[in-house]
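In the text below, chain A, chain B and the rest are named by the order of the sequence lines, each starting its count at 1. The model shown is predicted, which means the values in this text are computed figures rather than measured ones.
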Protein chains: 4
Amino acid sequence: MDQPKSELDGWVEELLKINDENEKMTEKQIKIISAAIEIFSEKGYAASSTSEIAQKAGVAEGTIFRHYKTKKDLLISVVAPTMSKLIAPFVLKGFGDVMNTHYASFEDFTRAMIMNRIDFVKKNLPVIKILLQEIPFQPELKEQFLKNVGSKVLERLMVIVERYQKEGVIVDLPPQTVIRLTGSAILGFLAVRYIMLPEHSWDDEQEIEHTIRFIMYGLSS
Amino acid sequence: MDQPKSELDGWVEELLKINDENEKMTEKQIKIISAAIEIFSEKGYAASSTSEIAQKAGVAEGTIFRHYKTKKDLLISVVAPTMSKLIAPFVLKGFGDVMNTHYASFEDFTRAMIMNRIDFVKKNLPVIKILLQEIPFQPELKEQFLKNVGSKVLERLMVIVERYQKEGVIVDLPPQTVIRLTGSAILGFLAVRYIMLPEHSWDDEQEIEHTIRFIMYGLSS
Amino acid sequence: MDQPKSELDGWVEELLKINDENEKMTEKQIKIISAAIEIFSEKGYAASSTSEIAQKAGVAEGTIFRHYKTKKDLLISVVAPTMSKLIAPFVLKGFGDVMNTHYASFEDFTRAMIMNRIDFVKKNLPVIKILLQEIPFQPELKEQFLKNVGSKVLERLMVIVERYQKEGVIVDLPPQTVIRLTGSAILGFLAVRYIMLPEHSWDDEQEIEHTIRFIMYGLSS
Amino acid sequence: MDQPKSELDGWVEELLKINDENEKMTEKQIKIISAAIEIFSEKGYAASSTSEIAQKAGVAEGTIFRHYKTKKDLLISVVAPTMSKLIAPFVLKGFGDVMNTHYASFEDFTRAMIMNRIDFVKKNLPVIKILLQEIPFQPELKEQFLKNVGSKVLERLMVIVERYQKEGVIVDLPPQTVIRLTGSAILGFLAVRYIMLPEHSWDDEQEIEHTIRFIMYGLSS
DNA sequence: CATGAATGAGGGTTCATTCAT
DNA sequence: AATGAATGAACCCTCATTCAT
């Protein structure tokens, strides 16, 4: 699953560094968050008990509530950094310019996107599972998600899609439809590969190439 | 969202009729199941309380447990018929033969598929949400799902895909990959259309045509 | 465990016959009472559920309450006939006279008593267990028991003991104490033999003889 | 009910002291156990509710379950120390030797035994009632009881009985029978005196002497 | 700052009892 | 007379949260 070091990755890493530096979490907090991630993703938020988290984290029950006012607070704290990272590549300033320069072909762009998202999923799988589970039930998360992905990310991607459409390299469907179709192909691969059948033996490189081919042909004008 | 009456639909309806006739539920049971569907899909299984379900169903809490031994039993009873219907079109005997006859073109087949699934999703949205939420946490459901979808459905679809591949109308990728890509496009549409942004104003016909186009071009040989 | 047919037994049988004839229980009632005896003695009254009794009896839950107004009513109905039989030998009219005639020696009397009680315990073990368990908690039973055993039985026995004391064949302790000591020996045997260690292999005849010997010597003047 | 200070008592007290020191119960735990003893012995285990115990103990219901995982756990915790004390006099090391030295006559031994057991019953009456009630229904207790009393205690007593038999001071019945008869007399007294008719006005000293006399004569060779 | 005992509301579930059929 | 669906109170137990130490 190696991928060519790309500019995009460079930014993500930078962003992550920033995020991580901001955290200033005590050792106990890290243990709590880690335990929460593990347990939330295993049994679901509602079915997890703070006492089990405390036990797995090796802290007293009360300690959790010293750092996170409520259980829901803990959930948000678990999920927020990953949500940030999720949209990081799209909100970096200069993102558009760079696109112009570095990903001359739509295929390269798609490939970079796919590789980057695979990397992201691999590094954040448990939290992603939690996010998927809880977004429908936590208005806070839903709102945050729609605001970020539905606006910022979509906005950026639309600009990019429109540019490629103007260049005539992809079909002239509504940009949102293009994004939906491309996104479905990529996320469909990630879902099957990492969530539904992670145990299955995969030839990742081939699957990725097939997926890219599918998108390219599917969107060919 | 009208769709041309097709043979496929005929069978599904027949199957559903059979299922529905088998149910023989009392009036109270229907109320309980309805309330459970509503509340489970709204708050998630673990966060729903049997007392709230009883209240919404207009029955005493004890009545729930007369019909469903445990809360999990109620979940299974809520979800099982929909799981059956989910795979119904694929397990009907004669399904393969009919394919040969009636859906000569891959595009027609895909269109029928999409229409049928849209119909299914529209009729079963709340239960589908519950299924998606709970499959990861309920081994019973997971097993049932994998057994049915992972075996029966996949099996059928692979035969069909291989036939179209032999005919040279679609690209010669591994059949499972073809199914993944097609499924992603269809399910991606359904997810966005009915789960993520159901409120958005959609031009369904257009979106469907675009999606079919995407699949056709994507899989063109 | 054969025992010589005695007059005493004759009366008991007569009494039982009377009791049994009075019962006029429907077939369902018999099944309910039998099931109740089995379950009450197995798990205790409070830990038994009427639904389990109904199931074991093969009747509907409601049927129990048609015959017995409450669960406690059922308990009383289970236990009352045995309580009657328990005191039967002592309240039969003419009991005292017969004593004079038939059991000239105190030893014969004691032996008859022991044999009779063994027989009684063997025939009524489950109900006796229920009685022992529930007398402390059911004022109705307690009162009934004290009234019958504490008065009628004790009264009769005291007359008998006093007669033997006047004859000089047993020691001149307070009659109640004599009864307590004799009763302890007999009931102690029954408790160990039939309740505490019923599985142990017993040489009943020997144990009985030893017990009688113990009482005779213990009360010798 | 004063009794002559004996060596035997010395040991028991010592043992109890050890037990009591081990307990390290918080104030709340003591209140919970006390309330549980009171209510269990009054209404029986199955008919007692944890909420009532909590109320009588003056704690929240949850507090009970912080200290005792289940209601049955609470029962065991209530009953276990008394079970230990029950067999304490028999399992103390050196018990046998001391018998040789201090209770030269069988009568003295029996008297010490009776006094000691009276003391024990007086101090532990409610828990003893609970034990008697629940041993038949709680396999854990039954097993524990049989293992301890049925083995350790019986073993010790048999050695003692056999010694007195060899000395020719008591009749040559099977030792187990001797123990049963002696035990019946003692326990019969205790049962009548403290459980069945505790309100009756008793001349304890006399009753005890009569009981001892009964045993002595009953076992005289 | 960390602890963990304490809380009490609410969880799922059982149960004796009722009543329309 | 018999049924068994329906009831709702009470059951045991868990939980997120608080607070004195």
Original post:
So, is A:Lys28 close to the E:dT3 phosphate, meaning a side-chain N or O under 4.0 Å from OP1 or OP2?
Top reply: yes
Original post:
Sub-3.5 Å donor-acceptor pair from the side chain of B:Ser48 to the main-chain atoms of B:Gly44, do we have one?
Top reply: yes
Original post:
Is E:dA20 paired to anything, Watson-Crick or G-U wobble with both distances less than 3.5 Å, and if yes, which nucleotide?
Top reply: F:dT3
Subject >> Members of residues 45-63 of chain D that approach DNA chain E, where some heavy atom sits under 4.0 Å away >> reply: D:Val59, D:Ala60, D:Gly62, D:Thr63
Original post:
Using a distance-only test with no angle check, is there a side-chain donor-acceptor pair under 3.5 angstrom linking D:Glu61 and D:Thr50?
Top reply: yes
Original post:
Over how many whole Å does the gap from D:Ile32 atom CD1 to F:dC13 atom P extend?
Top reply: 14 Å
Original post:
Of the nucleotides F:dT17, E:dA2, E:dT13, which has the atom closest to the A:His67 side chain?
Top reply: E:dA2
Subject >> More than 12 heavy atoms of other groups within 6.0 Å of B:Phe145 CZ >> reply: no
**OP:** Report yes if a side-chain nitrogen or oxygen of D:Arg66 is closer than 4.0 Å to either non-bridging phosphate oxygen (OP1 or OP2) of E:dA5; otherwise report no.
**Re:** yes
**OP:** Answer yes or no on whether B:Lys129 is positioned over the face of B:Phe40, meaning its NZ or CZ is under 6.0 Å from the six-membered ring centre and within 45° of the axis.
**Re:** no
**OP:** Please identify each residue that fulfils side-chain hydrogen bond (donor to acceptor under 3.5 Å, both in side chains) with D:Thr70, with sequence neighbours left out.
**Re:** none
Original post:
Do any side-chain nitrogens or oxygens of C:Lys69 fall under 4.0 Å of OP1 or OP2 in E:dT18?
Top reply: no
Original post:
In whole angstroms, how far is the P atom of E:dG11 from the CZ atom of B:Phe65?
Top reply: 11 Å
Original post:
Which residue pairs pass the ring-ring contact (aromatic ring centres under 6.0 Å, His included) test when at least one of the two sits in residues 49-71 of chain C, sequence neighbours left out?
Top reply: none
Original post:
Side chain of D:Thr63, backbone of D:Val59: donor and acceptor closer than 3.5 Å?
Top reply: no
**OP:** Please work out if D:Thr70 contacts a base, only the sugar-phosphate, or nothing of the nucleic acid, heavy-atom cut-off 4.0 Å.
**Re:** sugar-phosphate
**OP:** Write down the distance between CD1 (A:Ile64) and C1' (F:dC19), rounded to a whole number of angstrom.
**Re:** 17 Å
Subject >> Distance, rounded to the nearest Å, where B:Leu75 contributes CG and E:dT13 contributes C1' >> reply: 17 Å
**OP:** Write down the distance between NZ (B:Lys71) and C1' (E:dG12), rounded to a whole number of angstrom.
**Re:** 8 Å
